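What follows is a single structure, written as structure tokens, with notes after it.
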Amino acid sequence: MEHFAERNIIAAIARQQAGTAADLVRGIGDDCAVVRRAGGLVDLWTTDALVEGVHFDLAWHPPELLGRKAASVNLSDIGAMGGRPRFALLALGLSAACGREFADRLAAGFLQVLAEHDMVLVGGDTVYAGERLMLSITVCGEMAEEQVCYRSAARPGDLVWVSNCLGNAACGLELCRRGLQGRQEYAPLCRAHLDPQPQVRLGQMLAQSGLVHAMMDISDGLATDLAHICQESGAGAEIEAGAVPLAAELEKAAALLKLSPLQLALQGGEDYQLVFTAPAQNSEPLRRLSRQAGTAITCVGRMVAGQGVMLLQDGARRDITFQGYEHRF
Ligand code: ADP
Ligand code: MG
């Protein structure tokens, strides 16, 4: 049987899509679609679905946190453009196993995140989904058109930065799978998987600063998400293995699980941190912005002429382009 990768299916759909609109600034291909409004503003549109057994397992994912995560992963795409999230639509495909109490707890978690970002739930849909619970969320945000940070704006010579640490969510998932989520010393890792924190405020500050060229959120692992920036920008990237920020808890847990922390960081998904590129002369102001935001940022490499994502490790140069998470059918 032939297998289809997510990327190829999206590309095929985009090719068939012949419609245009004068006020459409960016359609398929970035973290959000961008639609021009009056007064120099744009609307940002994004949607993300979560499917039981694929994105979450109810054996360890409490309904409140599932609701939170469903909201957060969508907000992350708004933050990735530098925007301010405003409105959400929530489509619930409830399974036979979901009772009324479950739906209430799920909605409570979802609405909690919306309240934290001063957003409003303005609609949705509620249907019976048979065997598997499914959530599909659409979020609309807004920002100044001239500040939008696209995947396509990276230039050779830019430095590549990421927020916080990478690999925690993938490691947290593995801990949950092995029934180790109760271990206090690994709590931050499990939390990264169960209740990710979208970097909306940092994304807004970076976009407003004008210091950044390209930006996106890391949902499928740096190896894949930076490859999108490379592809859209017509450039390559080099990552220094030793520069990738790894949490102390990750290094300990990865040793216990006999997994490579670097591999979790580059190829594991769902960190929802930001990756962005900026000219080298902006490094000091970026460090100041990071201190002001209270969010760590780390330079992990640089954009170069060429294509693809190369990992520099122990004197070797290895191609890791698109080696993160991808849905296959
Ligand atoms: P992200 O991980 O940032 O949510 P995706 O990798 O899911 O982005 O999608 C990449 C781009 O393709 C986005 O612009 C998204 O809106 C678009 N896209 C994904 N699936 C479809 C689809 N079925 N139809 C049209 N556009 C799609
Ligand atoms: Mg994204």
Side-chain angles (χ1 to χ4, degrees), residues 4-21 24-35 42-51 54-56 69-83 85 88-89 91 93 134-141 143 148-154 160-164 166 169-170 196-200 202-204 206-207 212 214-233 266-277 309 321-329:
F4 296 93
E6 174 187 351
R7 252 180 310 140
N8 308 118
I9 293 188
I10 296 172
I13 293 174
R15 278 196 300 274
Q16 284 185 61
Q17 200 292 120
T20 57
L24 181 64
V25 183
R26 186 71 170 96
I28 297 172
D30 217 304
D31 291 296
C32 296
V34 181
V35 179
V42 289
D43 284 327
L44 304 171
W45 290 94
T46 181
T47 190
D48 261 302
L50 284 82
V51 178
V54 178
H55 297 91
F56 60 89
K69 182 166 178 172
S72 295
V73 304
N74 278 275
L75 291 194
S76 178
D77 278 321
I78 301 282
M81 311 297 287
L89 297 165
M134 188 201 161
L135 302 157
S136 176
I137 288 97
T138 302
V139 169
C140 179
M143 66 185 298
V148 181
C149 296
Y150 295 97
R151 295 177 180 183
S152 55
V160 177
W161 298 77
V162 298
S163 61
N164 292 309
L166 302 184
Q197 304 296 308
Q199 298 299 313
V200 178
L202 179 68
Q204 283 176 12
L206 288 169
V212 165
M215 182 156 70
M216 73 178 288
D217 65 332
I218 308 178
S219 53
D220 298 329
L222 186 64
T224 282
D225 291 321
L226 186 54
H228 283 296
I229 288 185
C230 288
Q231 198 169 52
E232 295 295 318
S233 300
L266 297 175
Q267 301 180 347
E270 296 200 312
D271 279 315
Y272 299 103
Q273 296 301 331
L274 294 174
V275 52
F276 56 94
T277 81
V309 182
T321 309
F322 286 119
Q323 284 184 14
Y325 184 81
E326 185 162 36
H327 289 276
R328 289 177 189 279
F329 308 89

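Nothing here was measured: the structure is a model prediction, and the numbers come from that model. Order of appearance sets the numbers: ligands from 1, and atoms from 1 within every ligand.
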Only heavy atoms of D30, strictly under 4.0 Å: list the atoms of ligand 1 that pass. 13 (C), 14 (O)
Check: R151 main-chain N/O paired with D30 side-chain donor or acceptor under 3.5 Å: yes
Specify the protein heavy atom at minimum distance from atom 11 (C) of ligand 1: its residue, its atom name, and the distance to 0.1 Å. G29 N, 3.8 Å
Option set I9, T224, D31, T47, criterion heavy-atom distance to atom 3 (O) of ligand 1, minimum: D31
Ligand 1 atoms nearer than 4.0 angstrom to some heavy atom of S219 are 2 (O)
Validation row: R26, V148 side chains within 4.5 angstrom (heavy atoms): no
Please confirm whether the backbone N or O of I137 pairs with a side-chain atom of T47, one donor and one acceptor, at under 3.5 Å? yes
Have a look at T46, I13, D77, D225 and point out the one with the heavy atom closest to atom 4 (O) of ligand 1. D77
How wide is the angle at the Mg ion (ligand 2) between OD1 of D77 and OD1 of D31, to the nearest 10°? 100°
Taking the side chain as everything from C-beta on, heavy atoms only, tell me whether M143 gets closer than 4.5 Å to L44. yes
Counting heavy atoms only, which of E6, R151, R26 is nearest atom 8 (O) of ligand 1? R151
Are any of the side-chain heavy atoms of E270 and S76 separated by less than 4.5 Å? no
Please check if the side chain of D220 supplies one atom and the backbone of D225 the other of a donor-acceptor pair under 3.5 Å. no
N/O/S atom name from D217 that is nearest to the position of the Mg ion (ligand 2): OD1
When distances are taken from atom 27 (C) of ligand 1, the protein heavy atom at minimum range is I10 CG2, 4.2 Å
Is there a donor in the side chain of S163 and an acceptor in the side chain of Q273, or the other way round, less than 3.5 Å apart? yes
How does I28 reach ligand 1, by side chain, by backbone, by both or by neither, if only non-hydrogen atoms under 4.0 Å count? both
